[in-house]
Amino acid sequence: MGLRIYNSLTNQIDEFIPIEDGKVSMYNCGPTVYDYFHIGNARTFLVADIIRRYLEYKGYQVKFVQNFTDIDDKIINRANEEGVSASQLSSRYIEAYFEDSEKLGIRPADVHPKATDHIPEIIQLIERMVDKGIAYEVDGDIYYRIHKFLDYGKLSNRKPEDLLSGARVGIDKRKENPRDFDLWKNVKPNEPSWSCPWGCGRPGWHIECSAMAIKHLGESIDIHAGGQDLQFPHHENEIAQSEVLTGKTFARYWVHTAFLRIGGNRMGKSEQNFIFVRDALKDHSAEAIRHFLVSAHYRSPLDYNATSLSDSDSAIRRLNNCLERIGPYSELADSEVSTSDSEITRAAAEMLTNFELAMDEDFNTALAMGEIYKLVGHVNRFLTQEKLIQVDRVALGIAYQSLIKVCMVLGIYSELESIPNGNTQLVDQLMELVIDIRNDSRLRKDWVMADKVRDRLHEVGIELRDTPSGTNWEWRGD
RNA sequence: GGUGGCGUAGCCAAGUGGUAAGGCGGAAGUCUGCAAAACUUCUAUACGUCGGUUCGAUUCCGACCGCCACCUCCA
């Protein structure tokens, strides 16, 4: 069985067949850079990141493009409030995007195009639409005639005639049809503008994605992703603009990520109920935040609440404890010892199979993670046996590598945190000394001293564990 | 008014036409000088309500209730 993806265009789960065998082109609608991004935004970036990772895991060569919307009303307003230029403001938040996403373990896209770097391409598309009679000018604004595109509404399942009743938008009398949308906005005072055949102005929102996707990925792309809110009108309009010009299917698979909720409502900038990723990262590891975000299927709304992230902290800790314990056997995984009849090897293989089955079925990360934790439990149970023979060690090494492989796809594993700015070798030696001295106290049954050492180390972020085979320590962070 | 989604244990969250993955939390135990970590056992006669189809439904159909979102910018 191959990969199947829920396609918003067909409203069903479709078998995934890329345009070109072995290759995937993918476009994700990125942030409008007028502020830091919050956990809700992170959900869609993360989903795209995981889809990309999983496609690569399956052996596809992926070209992934995610744009920055760096010119729009919110950016202009915020820039004017702060007395800086729109480009200064957007540069600042583009930089912040890279900082935060890197900390979250989101890999940079292959291309991060900016709208303002594509003005000529945008103008060219608009000119072609004007020439074809699809677009028209009113007072320097250019609008798209939606009735010229017969398929308008196919993505969001809307009929053009239904779009008005109940709509909350005020009607612009200058438009031929109230649903026509702007491709280009005429210049206004205190706004950045670019010259164009109709005077000066700036691009509308939707046209930038058509221009950038076509430029960097071609006229037909495999996967187009984004938040649920973009399905209409943004993605619908992208389709209308692109397909009316190219005559080709703009994107074959449309992937929409459901909202992150908080207190039962959508987490959103306008609701003032968001949590910035950079703030969440102060209290939680990137792995824990990712664990939380992939704990639900991407098409289900996920509720954020005060305990969700700390639940994920605990879950990640247990995963890491397991990985630490079997990490030392990793190198044995390539050895010649036959492990074909080992229960751990079988369990690891089963986990991989089930992980892939789960991910193949529309990226079911929640199910996939369940499979990971089944193996974690199995391995932990196995480790309680008294003696491990070589076959067992090799099998554990295989289990380790299997776990690492899939955890990398979900991004819930990274190298252990080392002591910041620490001289690892020196710290190791000092810890050996401290533990040695403490164990002398324990031999003398000087529990007061032994506990004092343990408590004081705990205060600086080091955790001690007395086991039958000696005392271990681990850096837990401040 | 139109369109779509959601309602599963204390919490989070998968899932299937034949009687419920996983995580967190909780309880008891093993281990330990005590901890920590780990492990063991237990923790939903039941999946919003009411009908229908079926040998059998949480899973299909219908109605209803509750909640959310999109139709204006929002990932």
Students often get this wrong, so: under 4.0 angstrom with heavy atoms, is [X] touching a base, only sugar-phosphate, or nothing?
X	result
R78(A)	nothing
T257(A)	nothing
R299(A)	nothing
T32(A)	sugar-phosphate

Choose from [options] the nucleotide whose nearest atom is closest to any side-chain atom of [X].
X	options	answer
N364(A)	A75(B), U72(B), G15(B)	G15(B)
H38(A)	A35(B), C68(B), A75(B)	A75(B)
F259(A)	A14(B), U72(B), A75(B)	A75(B)

Inset, instruction - Taking D49(A) for its side chain and R107(A) for its backbone only, find out whether a donor-acceptor pair lies under 3.5 Å. - result: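 Flag set: sc D49(A) to bb R107(A) pair under 3.5 Å.
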For a quick check, tell me whether the side chain of [X] and the base of [N] share a donor-acceptor pair closer than 3.5 Å.
X	N	answer
R318(A)	C24(B)	no
D466(A)	C34(B)	yes
R266(A)	A69(B)	no

Inset, instruction - Please work out whether the ring planes of F274(A) and H38(A) are parallel, tilted or perpendicular, with thresholds of 30° and 60°. - result: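 Aromatic pair F274(A)/H38(A) classed parallel.
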Legend entry - Parallel, tilted or perpendicular: rings of F250(A) and H224(A) (30°, 60°):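 Tilted: the ring planes of H224(A) and F250(A) meet at 30° to 60°.
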Legend entry - Atom pair CD/NE2 of Q66(A) and H216(A) - distance to nearest 0.5 Å: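 Between Q66(A) CD and H216(A) NE2, I get 13.0 Å after rounding to 0.5 Å.
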Please tell me if [X] has a side-chain N or O lying less than 4.0 Å from either OP1 or OP2 of [N].
X	N	answer
N157(A)	U3(B)	no
S314(A)	G25(B)	yes
W473(A)	A36(B)	no
T307(A)	C24(B)	no
N321(A)	A37(B)	no

Inset, instruction - For residues W184(A) and I126(A), report the shortest heavy-atom separation together with the two atoms involved. - result: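 For W184(A) versus I126(A), the nearest heavy atoms are CE3-CD1, 3.8 Å.
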Legend entry - Y298(A) vs T467(A), nearer the 5' end of RNA chain B by closest nucleotide: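 The residue mapped nearer the 5' terminus is Y298(A).
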Would you kindly give the [atom1]-to-[atom2] distance between [X] and [N], to the nearest whole Å?
X	N	atom1	atom2	value
M351(A)	G23(B)	CE	P	14 Å
W254(A)	G4(B)	CH2	P	19 Å
D72(A)	A75(B)	CG	C1'	14 Å
K74(A)	U72(B)	NZ	C1'	11 Å

